[in-house]
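Report on the structure given below.
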Amino acid sequence: MIHHISIAAQNPLHVASVLAEICHAKVFNFPNPGSYAVFSFDEYGTGIEVFPLGSVCVPSSDTELSKIIQTSNSPDFVATHAAISVPASQQQIEQIGRREDWQVALCDRGPFKVIEFWVENWLMFEFLTPELATWYLQSIKPQIVEQVLGQPILMAPV
């Protein structure tokens, strides 16, 4: 279960506000300067932390907490993304994306569909409306995953 994810954005407060609208959530100041936290207050503790673009997490020593530092690096695109179940409808998500001039598209991933929502047109979220989430959860059962991806190459000890 993923409970929260951290992202960076060119305009962290605006991005946090848009994500809160889709997630029916609230935005809070986050301890890191210029950063915000979006919390849905659902049963999973779902949250999205939004940092200024160029923020990176770096490890510290064994006795210190990790740190968030600011760099001058800004990626064009990243592989990191998240599929998030949201209470908003497909129409609401598409309307918000059009308003922001961000790319939004319903995409068929084979066994399930997602709404690709491109935050600031460089960072992708896969939003799952309640209906899409049902299909997604049905499609990730072991027998279906193995049918699509083949047998596992590694099994973690339990």
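Every value quoted in this text rests on a predicted model; they were computed, and no experiment measured them.
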Flag, side chain of N11 to backbone of H14, donor-acceptor distance under 3.5 Å: yes
Could you tell me whether the side chain of V18 reaches within less than 4.5 Å of the side chain of F117, counting heavy atoms only? yes
Is the ring pair F28/F41 parallel, tilted or perpendicular, if the boundaries are 30 and 60 degrees? perpendicular
Check whether any side-chain heavy atom of V114 sits under 4.5 Å from a side-chain heavy atom of L132, and report yes or no. no
Does W122 reach the side chain of V78, with side-chain heavy atoms less than 4.5 Å apart? yes
Tell me, do E21 and R99 make a side-chain contact under 4.5 Å, heavy atoms counted? yes
Atom CG of L128 and atom CH2 of W135: how far apart are they, to the nearest 0.5 Å? 11.0 Å
How many angstroms lie between atom OG1 of T129 and atom CD of Q92, to the nearest 0.5 angstrom? 10.0 Å
With distance as the sole test, does S35 use its side chain to make a donor-acceptor pair with the main-chain N or O of P31 at under 3.5 Å? no
One pair to check against side chain to side chain contact (heavy atoms under 4.5 Å, CB included): L19 and V119. What are the steps and the verdict? CA-CA 9 Å; L19 295 174; V119 173; 4.2 Å; yes
Check for a donor-acceptor pair, side chain of H24 on one end and backbone N or O of S40 on the other, with a separation under 3.5 Å. no
Any chain of hydrophobic side-chain contacts (each under 4.5 Å) joining F51 to L65? no
N32 side chain to P52 backbone, donor-acceptor under 3.5 Å: no
Treating Ile, Leu, Val, Met, Phe, Trp and Tyr as nodes and any side-chain heavy-atom pair under 4.5 angstrom as an edge, say whether I84 and W102 lie in one connected cluster. yes
Starting at CD of E49, measure out to SG of C57 and round the result to the nearest 0.5 Å. 8.0 Å
Given 3.5 Å as the limit, does a donor-acceptor pair link the side chain of E120 with the main chain of Q10, or not? yes
Hydrophobic clustering (ILVMFWY, side-chain heavy atoms < 4.5 Å, transitive) - are M155 and V148 grouped together? no
Which heavy atom of N121 sits nearest a heavy atom of Q103, and at what distance? OD1-N, 2.7 Å
Should we count CH2 of W118 as having more than 12 external heavy atoms under 6.0 Å? yes
Pairwise distance OG1(T46) to NE2(H3) - rounded to 0.5 angstrom: 8.5 Å
Step by step, work out the side chain to side chain contact (heavy atoms under 4.5 Å, CB included) result for I22 and F125. CA-CA 11 Å; I22 292 171; F125 278 103; over 6 Å; no
For A88 and I93, work out which heavy atoms get closest and say how close. CB-CG1, 3.9 Å
Looking only at non-hydrogen atoms, find the nearest pair between A8 and L123 and report the distance. O-CD2, 4.1 Å
Rounded to the nearest 0.5 Å, how far does CZ of F112 lie from CD1 of I144? 11.0 Å
Between K113 and E131, does any side-chain N to carboxylate O distance fall below 4.0 Å? no
Considering all heavy atoms, the nearest V86-C23 contact: CG1-SG, 3.9 Å
Worked check of side chain to side chain contact (heavy atoms under 4.5 Å, CB included) between V15 and I7: CA-CA 10 Å; V15 167; I7 65 168; 4.1 Å; yes
A quick test of your reading: do over 12 heavy atoms of other residues, nucleotides or ligands sit less than 6.0 Å from CG of D108? yes
Hey, is the main chain of F127 close enough, under 3.5 Å, to the side chain of E116 for a donor-acceptor pair? no
Output the distance between atom OG (S139) and atom CD (Q147), rounded to the nearest 0.5 Å. 11.0 Å
